[in-house]
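The next block holds one structure in the form of structure tokens; read it before the comments.
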Amino acid sequence: MAKIKSGLAMAGALTLTLTLAGTASVAGGHDRIKTPTLTGFAALPAATFVLGSEPSGAKVTGNTNGYPVPFADQPIQGFSGILDNGDGSYDVLSDNGYGNQANSGDFLLRVQRLAPAFATGTVDVVGGITLSDPNKKVTWPLTRADRVLTGSDFDVESITRGVDGTYWIGDEFGPYILHFDRGGQLLDAPVPTPGVIAPEQAALLGVPATTISSKGFEGLAATPDGRYLYGLLEGTVQGDTAGQLRFNEFDKRYGKFTGKRYLYQLGDPSLAIGDAIAVDENRFLVIERDGGQGSTAVIKRIYLADKRDRNHDGLMDKTLVVDLMNIANPRRLGGFGTTFTFPFQTIEDVVILDENTIAVLNDNNFPFSSGRTANVADNNEWITIDLPGSLHPDKRLLK
């Protein structure tokens, strides 16, 4: 068990009927709300480590916001995907480490098990698993001889879980689809994405890249019946229209992409996505963001995207659900004012808790990001938001 050590415009969006009507609770009450409202706030301190693990960060350079490197243990940070366990705990995916292959070879890829305690505003670390490839499913050389996977091997950014408890994870270095058992061991060979080659895969294959680095599967959603995955790329593929992102369908039964894909239009080509999860068979929640933090953070939004394309423009239909820079906070949760903002550079986790409530987490990019307070490394913040009405999610997706 791990222990805690502290230390642009909405272009292309179609206004659809979201059916956000009805009564939602406000911070434990039962008053009708008319705007997304903060109902829970908790934070995991930036300097939280898996004690007794391994040193990390030996090749980190740049501004570390006062934290000396290397770290004595593995940081619990970089949250890039979340799964509800249904018992008050959540599996949260830590990404590739310190921002690139060259400096992340001593960052172990890991699924953290966390439990928020909103009554105290804290987050407990209750366990986790480290990802590995003992059965040699990866055919190219790995960083470590023991085949424990690191941030130099894969950039894991999105996660779903099958009915059998196995994990399906989206990577950015291929981009690949990765399949792990419940203990974190890779079950199958990484599946590359047809027509999409990141620079890291291009270097392995000796072929030209078709997208830039860190623009792979930032979002991965599973259909309610569990058969299909939909992987949303963070960046535009060469030859596609700027700002249009491929949403690729993957058939878990056959372990391959079907060739079917949809197009998600960013509000501006300079924006990026942070996560994509299923609401039902056709609709998805997508985090869309700019690269700003603190005073430069402007666009941090969650949209409802529908692949049925009801206006027949060739793009997924979009409806704004939450502006994360403008959340009502009538109870001043977290010690903030009556308007709460989430001004982080990267916001990469959303999960549906019930018909009216979602949780959102930031990726704190420890030790680099400082969106909450200048020159202070960000904590991992965990918020819950009540919506003005129901998302009408498929019940099979709720714990």
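Values below: all heavy atoms of this structure, side chains included; hydrogens, waters and symmetry mates excluded. Since the model is a prediction, treat every value here as computed from it, not as a measurement.
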ring-ring contact (aromatic ring centres under 6.0 Å, His included) between Tyr67 and Phe366, worked out: CA-CA 10 Å; Tyr67 288 100; Phe366 180 75; 5.1 Å; yes
Within one Ile-Leu-Val-Met-Phe-Trp-Tyr cluster: Val286 and Met316, side-chain cutoff 4.5 Å: yes
Phe247 vs Tyr264, ring-ring contact (aromatic ring centres under 6.0 Å, His included): CA-CA, chis, key distance, verdict: CA-CA 7 Å; Phe247 207 25; Tyr264 179 90; 7.8 Å; no
Whether Arg283 side chain and Leu391 backbone form a donor-acceptor pair below 3.5 Å: yes
Ring geometry between Phe154 and Tyr176 (parallel below 30°, tilted from 30 to 60°, perpendicular above 60°): perpendicular
Geometric cation-pi criterion Lys300 and Phe342, 6.0 Å radius, 45° cone: no
Under 4.5 Å side-chain linkage, directly or through intermediates, the cluster mates of Leu108: Val148
Selection residues 366-377 - residue pairs positive for salt bridge (Lys or Arg N to Asp or Glu O under 4.0 Å), sequence neighbours left out: Arg372-Glu381
Contacts of type ring pair (Phe, Tyr, Trp, His ring centres under 6.0 Å), residue Phe250, not counting sequence neighbours: Trp168, Phe257
Linked, directly or transitively: Ile347 and Ile327 (ILVMFWY side chains, under 4.5 Å): yes
Donor + acceptor pair across side chains of Tyr228, Thr258 (<3.5 Å): no
Short side-chain to backbone donor-acceptor contact, Ser94 and Gln77, under 3.5 Å: yes
Distance (rounded to the nearest 0.5 Å) between Asp290 CG and Leu271 CG: 6.5 Å
Distance, nearest 0.5 Å, that separates CZ of Arg261 from CG of Leu232: 13.0 Å
Heavy-atom side-chain proximity of Leu131 to Val111 below 4.5 angstrom: yes
hydrophobic_cluster_shared for Ile177 and Leu142, side chain cutoff 4.5 Å: no
Phe118 side chain reached by Thr384 side chain, heavy atoms, under 4.5 Å: yes
Transitive ILVMFWY side-chain link Leu398 to Val279, under 4.5 Å: yes
